[in-house]
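Numbered from 1 within each chain, the chains take letters A, B, ... in sequence-line order.
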There are 2 protein chains.
Amino acid sequence: MSGTNTRSRGRPRLFDEDAVLDELTELFWRKGYSQTSMADLVEASGVHKSSLYSTFGTKEELFAKILRRYFAGRMDMMSALVDRAGPGVDGIHAFLELLRSDLVSDSSQYGCLLVNTSSELCGSAPGFEGFGVEFRKALRERLRALIRQAEPDGIADQRVTDQRTDLFMTFMLGLNLTVRGGADENEIGRVIDAMNATVDTWR
Amino acid sequence: MSGTNTRSRGRPRLFDEDAVLDELTELFWRKGYSQTSMADLVEASGVHKSSLYSTFGTKEELFAKILRRYFAGRMDMMSALVDRAGPGVDGIHAFLELLRSDLVSDSSQYGCLLVNTSSELCGSAPGFEGFGVEFRKALRERLRALIRQAEPDGIADQRVTDQRTDLFMTFMLGLNLTVRGGADENEIGRVIDAMNATVDTWR
DNA sequence: ACATTTTACTACCGATCGTTAGTTAATGGT
DNA sequence: ACCATTAACTAACGATCGGTAGTAAAATGT
């Protein structure tokens, strides 16, 4: 407003909040919620425990914040993949190719944090289920749009689209477990090729 | 050998080991390894903590025993489903129908313990990864046999079989997450129908 | 009857869990 | 200079964690 940044009043933070959240996300992503202790988070971030609490609240609140943040980023990424993929059956192939490129990168070797968390905590911490449910719903919407574009105009059959979307979603979930299970580049490639072969029957 | 049961020497157990293992399995299955405490196991089984330790060893050892036991039972069940399914593409449909019957029952609402465990602990307790890896390998073998029988003799293409097996395995893993995510009978049915439609293209 | 073996049961261990009070340090506002 | 505000940092809290002595009880063997 007045030309310069309005600094906050008290002592300034020694750490960058976003950078720390990234590091904490990586930990939760790899080890899961209950296997990640506050001591682990302190060690990974270099931020003192009390500072973590005063900044992010309790472990539950911190994890909820991390899940929301991850949700937004993950959906942005997925949407970007769908957008870049383009229309038609070739669009689905392109999407799978973009997905492959991402999955073989180091940053995605733990699968999807939201899916993992949903599976880890659905039987014990019902509060976190919602994130996974919401995410799957949102992702399903995007994938459905991608698949719908692969059907020729005028012949689009809603039930066929839904069925293919169900299969594709289930495939994505299975792929998540495959990646988290430690699959290497070859295995990921094979699985995606298998889906490509199925998608080819959609022409 | 001598006509009567050879009783053990000391004070007899007040609990049935198999029944207790069943109860403990259910707990681990639902809540996962790290969210299940020894106190939980004591409460669920009614067996005192020291008795659990003297009978099954540490929590890690107990869990390993439970995983081995579950492994055997799960593979028996899967093999039975494959055997009952019969040959041909209709055999795969039959397999999926048997699978559906099982998944809507209460006992399977938590997915597969081995798959869940593999996902939960692969980033923190590397000792338990092996069970899931072995199980997926064994299951894959069975499914491959089922799928191979669906290809007409003489035309069987090994690469096609492998590709369909990859897709089917990925589907099974995704279905596992779908079930554990709390899917109801309808959603499970829709997902299985979607796979059925794909299998129909294999004729 | 007595010793041996195995289990049931109580009580407790040190370590780690998530969490918080209390103090020192660094900034902006007046 | 002084105050208000915010954060860094230390030190500890009670609870729970997995795990284990030590003792009482119930069976078999001789």
Side-chain angles (χ1 to χ4, degrees), chain A residues 1-21 23-24 27-28 31-67 117 120-121 123-125 127-128, chain B residues 1-21 23-24 27-28 31-67 117 120-121 123-125 127-128:
Chain A
M1 297 290 188
S2 57
T4 92
N5 278 340
T6 314
R7 289 274 201 77
S8 56
R9 267 268 254 155
R11 179 173 176 173
R13 289 247 167 82
L14 292 184
F15 58 90
D16 179 58
E17 188 167 327
D18 269 356
V20 164
L21 281 176
E23 289 169 314
L24 303 187
L27 248 189
F28 279 125
K31 304 180 57 171
Y33 176 72
S34 46
Q35 286 276 19
T36 303
S37 69
M38 290 302 299
D40 291 334
L41 299 170
V42 167
E43 191 191 4
S45 64
V47 177
H48 282 76
K49 211 191 287 192
S50 292
S51 295
L52 289 181
Y53 272 94
S54 65
T55 308
F56 305 113
T58 68
K59 187 189 177 189
E60 279 194 21
E61 291 165 342
L62 164 62
F63 192 54
K65 174 169 293 190
I66 280 186
L67 286 184
T117 299
E120 179 196 353
L121 298 179
S124 55
F128 291 117
Chain B
M1 294 297 182
S2 58
T4 91
N5 278 342
T6 313
R7 288 271 201 80
S8 56
R9 269 267 256 158
R11 178 172 176 173
R13 289 245 167 84
L14 292 184
F15 59 90
D16 179 59
E17 189 168 324
D18 268 356
V20 164
L21 281 176
E23 289 169 313
L24 302 187
L27 247 186
F28 279 124
K31 303 181 58 171
Y33 176 71
S34 46
Q35 286 274 20
T36 303
S37 69
M38 289 304 297
D40 292 333
L41 299 170
V42 167
E43 191 191 4
S45 63
V47 177
H48 281 78
K49 207 194 289 190
S50 292
S51 296
L52 288 181
Y53 273 95
S54 64
T55 307
F56 304 114
T58 68
K59 187 188 177 189
E60 278 193 23
E61 291 164 342
L62 164 62
F63 192 54
K65 173 169 293 191
I66 279 185
L67 287 184
T117 299
E120 179 195 352
L121 299 179
S124 56
F128 292 116

Is it the case that the side chains of A/Glu120 and A/Ser34 hold a donor-acceptor pair, with the cut-off being a distance below 3.5 Å and no angle test? yes
Rounding to a whole Å, what distance do you find between B/Glu17:CD and C/dA8:P? 11 Å
Nearest-Å distance, CG (B/Leu24) to C1' (D/dG18)? 15 Å
With each end axis built from five pairs of C1' atoms, what bend angle do you get for the helix from C/dA1-D/dT30 to C/dT30-D/dA1? Round to 10°. 0°
Anything under 3.5 Å between a protein N or O and an N or O of nucleotides 11-17 of chain C, put it in a table, one pair a line.
| residue | atom | partner | partner atom | Å |
| --- | --- | --- | --- | --- |
| C/dC17 | OP1 | A/Ser37 | OG | 3.4 |

What verdict does the side-chain contact (heavy atoms from CB on, under 4.5 Å) test give for B/Phe56 and B/Glu61, after you've listed the backbone C-alpha separation in whole Å, the side-chain angles of each residue and the deciding distance to 0.1 Å? CA-CA 7 Å; B/Phe56 304 114; B/Glu61 291 164 342; over 6 Å; no
For B/His48 and C/dT10, is the shortest distance between a side-chain N/O and OP1 or OP2 below 4.0 Å? yes
Return the value, rounded to whole Å, for the distance between atom CZ of A/Phe63 and atom P of C/dT19. 14 Å
Which residue, B/Pro12 or B/Thr58, contacts DNA chain D at a nucleotide closer to its 5' end, judged by nearest heavy atom? B/Thr58
Atom CZ in A/Phe28, atom CG in A/Leu62: separation rounded to 0.5 Å? 5.0 Å
N/O to N/O distances under 3.5 Å, protein versus nucleotides 3-5 of chain D:
none

Examine C/dT19: is either OP1 or OP2 under 4.0 Å from a nitrogen or oxygen in the side chain of A/Tyr53? Give yes or no. yes
